[in-house]
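All remarks here apply to the structure that follows.
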2 protein chains.
Amino acid sequence: MKSESRKEEIIRAASILFKEKGYSAVTMRDLAKAMGIKAASLYNHIDSKQEILSTIIIELAEEFTTGMNQIVNSKVDAIKKLENIIDLHIDVTLRNSDGLASLNNDWMHLEEKNLQYFEKMRQEYEENFRAIVKNGVDREEIKPFNIEIMVFSTLSTLRTLYLWYPKQKNIDAEILKHDMISVLLKGMV
Amino acid sequence: MKSESRKEEIIRAASILFKEKGYSAVTMRDLAKAMGIKAASLYNHIDSKQEILSTIIIELAEEFTTGMNQIVNSKVDAIKKLENIIDLHIDVTLRNSDGLASLNNDWMHLEEKNLQYFEKMRQEYEENFRAIVKNGVDREEIKPFNIEIMVFSTLSTLRTLYLWYPKQKNIDAEILKHDMISVLLKGMV
């Protein structure tokens, strides 16, 4: 258990460095220095920089996948499903905006097996999102605009939340959820 | 005039390379190779890689600044102003999505004077955008949600259009304008 929590500490510190400098520019030596420990002792807890990256990204992607699957299988209308997706993105952003920087900027540095797994999860996520919007249009819960434009408009905002929200000092999480759901779904005018 | 058009050709080719590999990774030799000419002959038209980057970014930023100033000074309501801003982003994206990749990803590589000029234009653009939304809320043309959330939700979508739209095969520019204005301003439900 002690070792597990040390590993989490390494991953948290690495997330911050990856966000600031990008995965490629960070060395295990940089990470050890940032943590005030010796590089050699990192390897008691972690095999490689790649293991850190894949842990950060795959855990987040699995969190989105699990959340999306629950939403897809829930017995609520399309609008409520979209509200729950927005909540999911906000919750993950609040908990781990540093990790989301790696997911967004450094996913292409994952090694083959994890890269494929990640790309599969991301594609399924988008397909589920698209299917919810399409279903909502078919059932006349959502206006009949171009599906791709609606998916892009929503996801582009949710996917950049991690960059914007940490810089906001005066926006409470509950106001963020309420207003973002309203703005993204019902519009501002 | 011949030299001017050759310069434009260099800038267009460089935009594509910067988008694919990032400014830092591209050499003048790469650029010459991509154009099928000798590296030395590039310097008949351009002083440096930095000159190419600043030309790409500053021209685009000035285009947004000019467009925004016209919109700010126009005698229309806030909603019409926001519609015109969305149109402006779509027009620039259709004309130069490669250049927008440099503006979004490589602006930090501008040298001091141009960096300051760019950051000033970007900040003024955001302030004008914010003022239009705020004014619309004050005049009850726009719903009283958190201003920053409305600005972020809209700009995050407009600023990533250059990544998404070139991959869409079946969305006509007029449909894009119409549906994006509807989705961003009036919402999808």
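Sequence lines set the chain letters: A, B, ... in the order given, protein chains first and strands last, and positions in each chain run from 1.
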Taking side chain as everything from C-beta outward and backbone as N, CA, C, O, which of these in [X] sits under 4.5 Å from a heavy atom of chain B? Side chain, backbone, both or neither.
X	value
A:V133	side chain
A:L161	both
A:E148	both

Inset, instruction - Give the intermediate values and the outcome of side chain to side chain donor-acceptor pair (under 3.5 Å) for residues B:E112 and B:Y117. - result: CA-CA 9 Å; B:E112 199 49 26; B:Y117 180 41; over 6 Å; no

Legend entry - A:E83/A:K80 ion pair, N-O < 4.0 Å: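 Salt bridge flag = yes for A:K80 with A:E83.
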
Inset, instruction - Before accepting this row, confirm whether a basic side-chain N of the pair A:E127/A:R130 lies closer than 4.0 Å to the acidic partner's carboxylate O. - result: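 Answer for the salt bridge query: no.
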
Inset, instruction - Examine whether an atom of B:I142 lies under 4.5 Å from a heavy atom of chain A, and if so say whether it belongs to the side chain, the backbone or both; otherwise answer neither. - result: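 Its backbone and side chain both get close to chain A.
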
Legend entry - Residues of residues 163-185 of chain B with any heavy atom under 4.5 Å of a heavy atom in chain A: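 Heavy-atom contacts from residues 163-185 of chain B to chain A are B:W164, B:Q168, B:I171, B:I175, B:L176, B:H178, B:D179, B:M180, B:S182, B:V183, B:L184, B:L185.
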
Is there a donor-acceptor pair under 3.5 Å between the side chain of [X] and the backbone N or O of [Y]?
X	Y	answer
A:N128	A:Y125	no
B:S153	B:M150	no
A:N105	A:A101	yes
B:N104	B:L100	yes

Inset, instruction - Verify the ring-centre separation between A:Y162 and A:H89: is it less than 6.0 angstrom? - result: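 Here the rings of A:Y162 and A:H89 have centres that are no less than 6.0 Å from each other.
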
